[in-house]
Amino acid sequence: MKYCTHCYTLTNESDTCACGGKAEECKAQTGVKIASVKGSLKPIVEPALKDKGIPCEFYNPEKDVYTQLNAKISSETEFFLLVPFEFYSEAFDICVGLGIVEPDEKIEVEESTQTTDDKDYDQRFEEATGTKRKSFTVLWIILFIVVGCLVIWGIDLIAALIKTSMGVPVISKFINFL
């Protein structure tokens with residue numbers, strides 16, 4: 001299966017797209033266009049895809065700065081809805097359910113060419129959602145808080161020992177606190 005490097009649409013076997021762009025072979029992570037979506041539909045489409053573990057990107061084909069900045073203000077701006085090639089069939093079916101595309105617009109993709117790596121679904125899902133990375137981030141934050149607390153308690157203990165050596169009986173209060 002090939003895709004156009006200019007408009008990101010899938011093409012069957014031709015070397016050029018209808019837009020005049022060059023067609024190249026798709027890889028599993030290649031972003032391909034599902035449909036053109038208005039900015040007002042972005043809050044509906046993005047959660048629907050991400051809930052199913054499908055990463056997506058809204059690409060503005062007009063690359064001028066004004067359009068990029070105005071895209072957040074104007075809900076009528078057109079975006080290309082791009083998904084990785086390996087998720088094309090699932091994403092297309094979701095977009096049909098949302099009424100964004102018609103079922104007859106789907107380009108049939110052989111399942112054997114769609115997933116080119118030997119990873120199972122769980123590994124691809126983790127790569128797409130970053131769940132493992134988020135879990136490690138949370139664990140590092142918790143570890144940082146625990147170490148911070150231990151450092152503060154250690155400083156308090158040292159301060160208590162210094163006060164005790166100066167004749168102030170504070171260490172018993174500190175031990176009772178723990």
Side-chain angles (χ1 to χ4, degrees), residues 3 5 8 26-35 37-95 97-98 100 114-178:
Y3 80 105
T5 57
Y8 302 101
C26 282
K27 296 181 181 143
Q29 296 298 320
T30 301
V32 294
K33 178 181 165 187
I34 299 289
V37 179
K38 290 194 182 264
S40 59
L41 293 176
K42 185 178 176 185
I44 297 168
V45 176
E46 189 171 22
L49 292 172
K50 291 198 176 185
D51 285 347
K52 297 292 183 180
I54 301 172
C56 64
E57 179 182 342
F58 292 86
Y59 174 73
N60 189 350
E62 301 172 16
K63 297 180 180 178
D64 60 45
V65 175
Y66 174 76
T67 307
Q68 294 285 18
L69 294 174
N70 194 32
K72 295 185 180 195
I73 299 168
S74 172
S75 61
E76 297 302 311
T77 303
E78 290 280 330
F79 292 94
F80 288 168
L81 171 60
L82 303 177
V83 297
F85 178 63
E86 66 181 322
F87 294 106
Y88 173 79
S89 295
E90 292 176 70
F92 194 92
D93 293 340
I94 291 171
C95 289
L98 294 173
I100 294 171
Q114 190 173 4
T115 54
T116 57
D117 52 7
D118 293 335
K119 298 176 184 171
D120 63 353
Y121 181 78
D122 292 333
Q123 289 172 329
R124 288 194 324 252
F125 176 76
E126 275 195 23
E127 286 177 3
T129 60
T131 306
K132 186 184 278 186
R133 185 172 14 123
K134 289 176 186 172
S135 300
F136 280 123
T137 303
V138 169
L139 288 174
W140 277 109
I141 290 171
I142 291 171
L143 182 65
F144 179 75
I145 291 171
V146 168
V147 169
C149 289
L150 290 174
V151 166
I152 291 171
W153 287 338
I155 291 171
D156 284 344
L157 178 63
I158 291 170
L161 290 173
I162 291 172
K163 287 181 182 178
T164 304
S165 67
M166 295 179 171
V168 181
V170 178
I171 191 73
S172 61
K173 290 180 184 177
F174 183 79
I175 293 174
N176 289 337
F177 173 72
L178 292 177

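We're numbering straight along the sequence, starting at 1.
- Between Ile54 and Phe87, the shortest heavy-atom distance links the atoms CG2-CB, 3.7 Å.
- By the 30° and 60° cut-offs, the orientation of the rings of Tyr3 relative to Tyr8 is parallel.
- Between atom CH2 of residue Trp140 and atom CD1 of residue Ile145 there is a gap of 13.5 Å, rounded to the nearest 0.5 Å.
- For Glu46, the side chain to side chain contact (heavy atoms under 4.5 Å, CB included) partners are Lys42, Lys50, Cys56, Phe58, not counting sequence neighbours.
- Here CZ of Phe144 is found 15.0 Å from CG of Leu139. Values are rounded to the nearest 0.5 Å.
- Closest heavy-atom contact between Ile100 and Val37: CG2-CG2, 4.2 Å.
- The minimum heavy-atom distance linking Ile34 with Cys95 is given by the pair CG2-SG, 3.8 Å.
- In plain terms, the two heavy atoms of Val83 and Tyr88 that are nearest each other are CG2-CA, 4.2 Å.
- Distance check: Thr137 OG1 to Ile141 CD1 gives 6.5 Å after rounding to the nearest 0.5 Å.
- Taking every heavy atom of both residues into account, Pro55 and Pro84 meet most closely at O-CD, 3.2 Å.
- The CG atom of Leu81 sits 10.5 Å away from the CG atom of Leu41 when rounded to the nearest 0.5 Å.
- Every residue meeting the side chain to side chain contact (heavy atoms under 4.5 Å, CB included) condition with Leu150, not counting sequence neighbours, appears here in chain and number order: Val146, Trp153.
- Here Glu57 pairs with nothing under the side chain to side chain donor-acceptor pair (under 3.5 Å) rule; sequence neighbours left out.
- The pair Lys38-Glu78 meets the salt-bridge criterion, with a side-chain N (NZ, NE, NH1 or NH2) lying under 4.0 Å from an Asp/Glu carboxylate O.
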